[in-house]
2 protein chains.
Amino acid sequence: MTTIYLAEDQEMLNSALSALLDLEDDLQVIGTATDGETALKQIIDLKPNIAILDIEMPKLTGLEIAKQLRIIKQDIKIIILTTFAQASYFEQAVSSRVNAYLLKDSPTDDLIETIQNVLEGKTIFAPELVTNIISSEKNPLTKREIDILKEINLGLSSQEIAQKVFLSDGTVRNYISSIFSKTGTHSRIEALNIARKNKWI
Amino acid sequence: MTTIYLAEDQEMLNSALSALLDLEDDLQVIGTATDGETALKQIIDLKPNIAILDIEMPKLTGLEIAKQLRIIKQDIKIIILTTFAQASYFEQAVSSRVNAYLLKDSPTDDLIETIQNVLEGKTIFAPELVTNIISSEKNPLTKREIDILKEINLGLSSQEIAQKVFLSDGTVRNYISSIFSKTGTHSRIEALNIARKNKWI
DNA sequence: GGCATATTATGACATTTGTCATTAATAATC
DNA sequence: GATTATTAATGACAAATGTCATAATATGCC
């Protein structure tokens with residue numbers, strides 16, 4: 001009997017998947033969570049054979065959970081299940097030696113098949129990934145620039161940002177200018193659009 | 001035997017739910033789709049007792065499907081299943097005499113219970129709706145203003161917008177000024193944030 | 001030790017943005 | 001028929017934004 005832990009923040013999908021997986025007579029879902037923190041604690045506690053992890057969850061992402069589990073060298077197969085074919089996510093998954101990376105854009109049969117394959121020691125990456133991958137540039141912005149871009153995102157003016165982060169108005173404007181040249185843009189909104197597309201903010 | 005049609009664009013949830021519903025011995029899923037257009041056609045064709053519809057789908061939203069089905073007076077129970085507790089969605093659902101409105105933030109048991117209740121003629125609205133509803137103001141912007149706001153969203157400058165929509169630069173700036181006063185803001189990014197929150201763009 | 005990068009700052013400048021008053025032609029509504 | 005809302009425009013002005021040159025300090029790296 002293979003034990004499974006499922007972390008997925010959308011309750012409907014969470015309960016539907018756990019019910020379905022439980023129906024397979026060689027699989028048993030021994031726990032589920034809708035946030036990352038609970039998931040990590042319980043996975044360490046319950047020691048399932050397999051963890052199926054969503055990426056975007058409250059408190060802790062699935063990728064961070066995977067990283068932690070590899071650090072403490074827990075013997076577990078990890079399947080990442082996500083909406084996003086984002087290159088940066090994919091790279092993080094590879095570097096955490098995840099056993100499979102599957103898109104929610106696939107049917108449940110694929111998930112069950114993936115579970116079987118992973119159990120046999122195979123590493124599975126969804127074929128759609130190769131074609132649909134959204135290759136985001138690696139972030140060229142410094143910490144300060146990212147901070148300022150986040151304030152821009154809230155709609156603050158240069159002076160408001162200056163006050164909030166304790167810088168001079170001129171300095172803030174210089175940083176913004178630098179953000180523009182690094183993103184190849186000339187306005188706040190363009191820069192925000194690029195940063196959002198690449199998940200820099 | 002109750003026949004069900006399921007329209008949900010996320011394949012994983014789509015297949016998980018149809019498998020689960022099919023397990024109930026008084027329910028039968030007679031078709032599913034991942035886009036609204038196909039869904040509407042097949043619902044008219046297959047005449048299921050119940051349609052479970054996601055709102056945000058390609059080509060046609062679940063709410064538009066509901067509206068169409070009411071116009072042609074097809075005898076069908078409609079359950080809207082969505083992530084969003086958006087007041088505007090809710091109102092549209094009510095005006096299309098939808099039989100239930102359920103959040104994906106609920107477990108599958110709730111969905112099955114809702115199906116039973118709807119069959120008995122009850123109208124069900126998720127209790128979380130009442131507490132979590134995101135009350136978006138009704139859109140005070142004119143068509144022209146919305147058009148211009150969409151261009152702003154792309155990061156265009158006043159002049160670029162002027163060229164694109166064949167207006168003078170000054171006129172564009174006047175419209176933007178008007179958008180600000182209607183949204184109670186003083187900058188493009190603030191206005192965009194408000195418009196996004198309220199789903200005006 | 002030296003080089004590159006990040007952080008912070010100032011001053012100056014052109015351009016853009018946002019505001020306001022004012023005008024005018026169409027619809028749409030009462 | 002009068003009133004209101006929408007669309008469109010101009011001119012003028014203050015404020016904000018974006019660009020550039022220049023410079024100082026701090027930190028990490030070869």
Side-chain angles (χ1 to χ4, degrees), chain A residues 88 91-92 95 136-201, chain B residues 88 91-92 95 136-201:
Chain A
S88 56
E91 283 157 27
Q92 280 178 72
S95 90
S136 52
E137 304 298 317
K138 62 203 130 313
N139 195 339
L141 304 178
T142 68
K143 213 164 138 286
R144 214 28 162 181
E145 287 164 350
I146 294 168
D147 285 346
I148 288 174
L149 195 54
K150 281 179 185 163
E151 302 300 336
I152 289 179
N153 190 35
L154 300 177
L156 303 193
S157 69
S158 304
Q159 285 129 92
E160 287 168 329
I161 296 171
Q163 273 175 44
K164 198 162 167 185
V165 301
F166 304 107
L167 286 175
S168 79
D169 163 76
T171 302
V172 169
R173 270 151 61 214
N174 284 339
Y175 277 126
I176 296 174
S177 232
S178 161
I179 292 168
F180 292 160
S181 81
K182 285 180 178 180
T183 53
T185 58
H186 295 279
S187 80
R188 291 166 181 227
I189 294 173
E190 284 178 291
L192 283 175
N193 286 344
I194 298 260
R196 284 196 203 107
K197 197 181 75 190
N198 291 309
K199 302 228 172 201
W200 295 339
I201 51 164
Chain B
S88 57
E91 283 157 27
Q92 278 178 74
S95 90
S136 52
E137 305 297 317
K138 62 203 131 312
N139 194 338
L141 305 178
T142 68
K143 212 164 139 287
R144 213 32 162 177
E145 287 163 350
I146 294 168
D147 285 346
I148 288 175
L149 195 53
K150 281 178 184 163
E151 302 300 335
I152 290 180
N153 190 36
L154 301 176
L156 303 193
S157 69
S158 304
Q159 284 129 91
E160 288 167 328
I161 296 171
Q163 273 175 44
K164 198 162 166 185
V165 299
F166 304 107
L167 287 175
S168 80
D169 164 76
T171 302
V172 169
R173 272 152 60 215
N174 284 339
Y175 277 126
I176 296 174
S177 231
S178 162
I179 291 168
F180 292 160
S181 83
K182 285 179 177 179
T183 53
T185 59
H186 295 278
S187 79
R188 291 165 181 227
I189 294 173
E190 284 177 292
L192 283 175
N193 287 343
I194 297 261
R196 286 195 201 108
K197 197 181 75 190
N198 291 310
K199 304 230 173 200
W200 294 339
I201 51 165

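Chain naming here is simple, since letters A, B, ... match the order of the sequence lines and numbering starts at 1 in each. Quick note: numbers below take in every heavy atom, side chains included, and nothing from hydrogens, waters or symmetry partners.
- Among C/dT8, C/dT16, D/dT6, the nucleotide with an atom closest to any side-chain atom of B/Lys182 is D/dT6.
- The environment of B/Lys199 atom NZ is dense: over 12 non-hydrogen atoms of other residues, nucleotides or ligands sit within 6.0 angstrom.
- By the 4.5 Å heavy-atom criterion applied to side chains, B/Leu141 and B/Trp200 are counted as neighbours.
- Distance, A/Ile179 CD1 to D/dC20 P: 16 Å, rounded to whole Å.
- A/Glu145 comes within 4.0 angstrom of nothing in the nucleic acid, heavy atoms only.
- At whole-Å resolution of the value, CD in B/Glu190 and P in D/dT17 are 10 Å apart.
- When atom types are taken as modelled, the side chain of A/Asn139 and the backbone of A/Asn198 share no donor-acceptor pair closer than 3.5 angstrom.
- Residue-to-nucleotide proximity on DNA chain D shows that, of A/Ile189 and B/Arg173, the 5′-proximal contact is made by B/Arg173.
- The side chain of A/Ser187 places no N or O atom within less than 4.0 Å of a non-bridging phosphate oxygen (OP1 or OP2) of D/dG18.
- Atom CZ of A/Arg188 and atom P of C/dG18 are 10 Å apart (whole Å).
- B/Leu192 has its side chain within reach of A/Ile189: a pair of non-hydrogen atoms, C-beta onward, lies under 4.5 Å apart.
- Per the geometry, CD1 belonging to B/Ile148 stands 10 Å off C1' belonging to D/dA8, to the nearest Å.
- Taking atom NZ of residue A/Lys143 and atom P of nucleotide D/dA26, one finds them 18 Å apart after rounding to whole Å.
- With a 4.5 Å cut-off on side-chain heavy atoms, B/Val172 and B/Glu151 do not count as touching.
- To the nearest angstrom, P of D/dG18 lies 11 Å from CG of A/Asp169.
- Using a 4.0 Å heavy-atom criterion, one finds that B/Ser181 contacts no nucleic acid atom at all.
- Rounded to a whole Å, the CD1 atom of B/Ile152 is 9 Å from the P atom of C/dT17.
- The separation between A/Arg144 atom CZ and D/dT27 atom P is 15 Å, rounded to whole Å.
- Proximity of B/Ser158 to the phosphate of C/dT17: a side-chain N or O atom is located under 4.0 Å from OP1 or OP2.
- Within 4.0 Å (heavy atoms only), B/Phe180 reaches sugar-phosphate atoms of the nucleic acid but no base atom.
- A sub-4.0 Å separation between OP1 or OP2 of D/dT19 and a side-chain N or O of A/His186 is present.
- Comparing A/Ile176 and B/Ser168 by the nucleotide of DNA chain D that holds the closest heavy atom to each, the one mapping nearer the 5' end is B/Ser168.
- Between A/Ser177 and D/dT19 there is a side-chain N or O to OP1 or OP2 distance below 4.0 Å.
- Judged by distance alone with a 3.5 Å cut-off, no donor-acceptor contact links the side chain of A/Asn174 to the base of D/dT22.
- Dashed line: the shortest gap from a side-chain N or O of B/Thr171 to OP1 or OP2 of D/dA8 is not under 4.0 Å.
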